[in-house]
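Sequence positions, counted from 1, serve as the residue numbers for this chain. Excluded from the calculations below are hydrogen atoms, water molecules and symmetry mates; all remaining heavy atoms, backbone and side chain alike, are included. Source: prediction; values computed, not measured. One-based numbering, in listed order, for ligands and for the atoms of each.
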Amino acid sequence: MKVPTASDDKYSRGVLGIVTGSTDYPGAAVIGVEAALRTGVGMVRYLGPEVPTSLALARRPEIVTRPGRVQAWLLGSGIAAGARDADTANRLTTAIAQELPTALDAGALGLLGSATGPTVITPHHGELARMLGIDRSEIAQDPAAWAARAAADLGVTVLLKGFRTHIADPYGSRLLVTSATSWTATAGTGDALGGILGSLLATHSAEIAASRGALAPLAATASVLHSLAAERASGGGPFTVLDLAAELPGVVARLLAAPRA
Ligand SMILES: NC(=O)C1=CN([C@@H]2O[C@H](COP(=O)(O)OP(=O)(O)OC[C@H]3O[C@@H](n4cnc5c(N)ncnc54)[C@H](OP(=O)(O)O)[C@@H]3O)[C@@H](O)[C@H]2O)[C@@H](O)CC1
Ligand SMILES: Nc1ncnc2c1ncn2[C@@H]1O[C@H](COP(=O)(O)OP(=O)(O)O)[C@@H](O)[C@H]1O
């Protein structure tokens with residue numbers, strides 16, 4: 001995690017561009033924006049249709065909803081692959097063409113073929129099965145092996161979600177994050193993970209530019225932050241996604257204060 005210094009400003013810390021949410025799934029935009037801001041980023045530029053834009057602004061007036069320079073992108077949560085409006089399709093292709101560090105989720109996973117920049121994909125088992133043209137049960141039998149194979153075949157960093165989250169990259173990194181609580185299996189928690197990951201990509205764009213090998217540890221860090229925030233939000237019982245997001249600043253502070261091994 002990157003700690004701001006006295007010489008930083010909102011731009012030097014990193015700006016995250018977010019193209020998520022739709023008229024059908026506006027909540028995904030709100031969740032991703034909330035999680036990104038609470039993980040710590042210089043600025044969020046949210047670009048989307050009117051309904052999710054209004055909802056995101058109502059919850060988080062600090063976001064900027066005009067296009068402009070960013071250091072990383074989070075694309076696709078809450079966007080149905082087959083039902084993109086022309087503006088959304090245009091925003092997605094424009095973002096991908098910039099070749100910046102990018103997290104591809106949900107409805108943007110199908111754009112992987114045009115993503116030539118440093119890319120992390122964040123599928124659940126059903127989405128990875130669809131991408132690879134295999135049955136979901138095959139992935140469930142050996143998710144670590146399928147994450148590794150997808151990373152090698154697709155040439156990107158893979159974060160395969162589930163109770164166990166497997167992270168693999170084409171350069172040999174293999175990381176595993178086990179969820180602290182299965183109360184996390186609730187709608188929208190994946191959208192929050194996207195926001196956390198996007199925030200880390202934006203604040204570490206220089207490290208990623210120096211080496212795409214930086215993506216896997218950042219993806220694992222996002223997953224750890226997500227799991228710890230879920231554990232705190234849960235306290236042994238159910239929680240909502242915004243409860244998880246509310247725990248993120250405390251989780252970050254606690255990890256930064258912990259002595260390093
Ligand atoms: N508040 C909001 O705005 C929210 C918006 N959201 C947005 O909704 C959109 C659709 O996302 P989605 O994951 O619900 O459906 P989709 O990718 O079409 O998968 C369909 C098939 O895949 C499987 N499958 C599904 N989940 C699985 C799993 N965890 N692990 C394993 N397999 C799984 C299952 O297949 P089956 O069981 O039928 O074989 C299922 O029928 C997406 O844009 C997302 O961001 C959500 O985040 C919720 C909150
Ligand atoms: N049984 C489980 N126990 C703990 N965590 C889980 C479990 N199932 C899924 N998760 C986590 O919950 C999140 C679900 O993400 P996703 O499937 O994309 O859902 P959504 O699209 O509704 O946000 C992921 O972070 C995943 O790792």
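- For the side-chain contact (heavy atoms from CB on, under 4.5 Å) criterion with Val156, the lone passing option out of Ile121, Asp169, Val120 is Ile121.
- Between the His226 side chain and the Thr189 main chain, a donor and an acceptor come within less than 3.5 Å of each other.
- The closest donor-acceptor contact from the side chain of Ser54 to the backbone of Pro52 lies at 3.5 Å or more, if one exists at all.
- Contact shell of ligand 1 (protein heavy atoms, cutoff 4.0 Å): Tyr25, Gly27, Ala28, Ser77, Gly78, Ile79, Ala106, His124, His125, Gly126, Glu127, Arg130, Arg136, Ala187, Gly188, Asp191.
- Side chain of Arg45 to backbone of Arg66: a donor-acceptor contact under 3.5 angstrom is found.
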Enumerate the pairs of nitrogen or oxygen atoms, one from ligand 2 and one from the protein, separated by less than 3.5 angstrom; state names and distance to 0.1 Å.
{"unit_1": "ligand 2", "atom_1": "3 (N)", "unit_2": "Ser182", "atom_2": "OG", "d": "2.9"}
{"unit_1": "ligand 2", "atom_1": "5 (N)", "unit_2": "Ser179", "atom_2": "OG", "d": "3.4"}
{"unit_1": "ligand 2", "atom_1": "12 (O)", "unit_2": "Thr189", "atom_2": "OG1", "d": "3.2"}
{"unit_1": "ligand 2", "atom_1": "15 (O)", "unit_2": "Gly190", "atom_2": "N", "d": "3.3"}
{"unit_1": "ligand 2", "atom_1": "18 (O)", "unit_2": "Lys161", "atom_2": "NZ", "d": "2.7"}
{"unit_1": "ligand 2", "atom_1": "22 (O)", "unit_2": "Gly188", "atom_2": "N", "d": "2.9"}
{"unit_1": "ligand 2", "atom_1": "23 (O)", "unit_2": "Gly188", "atom_2": "N", "d": "3.2"}
{"unit_1": "ligand 2", "atom_1": "23 (O)", "unit_2": "Thr189", "atom_2": "N", "d": "3.4"}
{"unit_1": "ligand 2", "atom_1": "23 (O)", "unit_2": "Gly190", "atom_2": "N", "d": "2.7"}
{"unit_1": "ligand 2", "atom_1": "23 (O)", "unit_2": "Asp191", "atom_2": "N", "d": "3.2"}
{"unit_1": "ligand 2", "atom_1": "27 (O)", "unit_2": "Gly162", "atom_2": "N", "d": "3.0"}
{"unit_1": "ligand 2", "atom_1": "27 (O)", "unit_2": "Gly162", "atom_2": "O", "d": "2.8"}
{"unit_1": "ligand 2", "atom_1": "27 (O)", "unit_2": "Thr165", "atom_2": "OG1", "d": "3.4"}

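- Side chain to side chain, Ser22 and Asp24 fail the donor-acceptor criterion of an N or O pair below 3.5 Å.
- A 4.5 Å side-chain heavy-atom check between Arg60 and Glu34 finds at least one atom pair inside the cut-off.
- Counting only distance, with no hydrogens or angles, the side chain of Arg84 and the backbone of Gly107 share a donor-acceptor pair below 3.5 Å.
- Listed for the Thr94 side chain is a donor-acceptor partner under 3.5 Å among the backbone atoms of Asn90.
- Atom OH of Tyr11 has 12 or fewer neighbouring heavy atoms from other residues, nucleotides or ligands inside a 6.0 Å radius.
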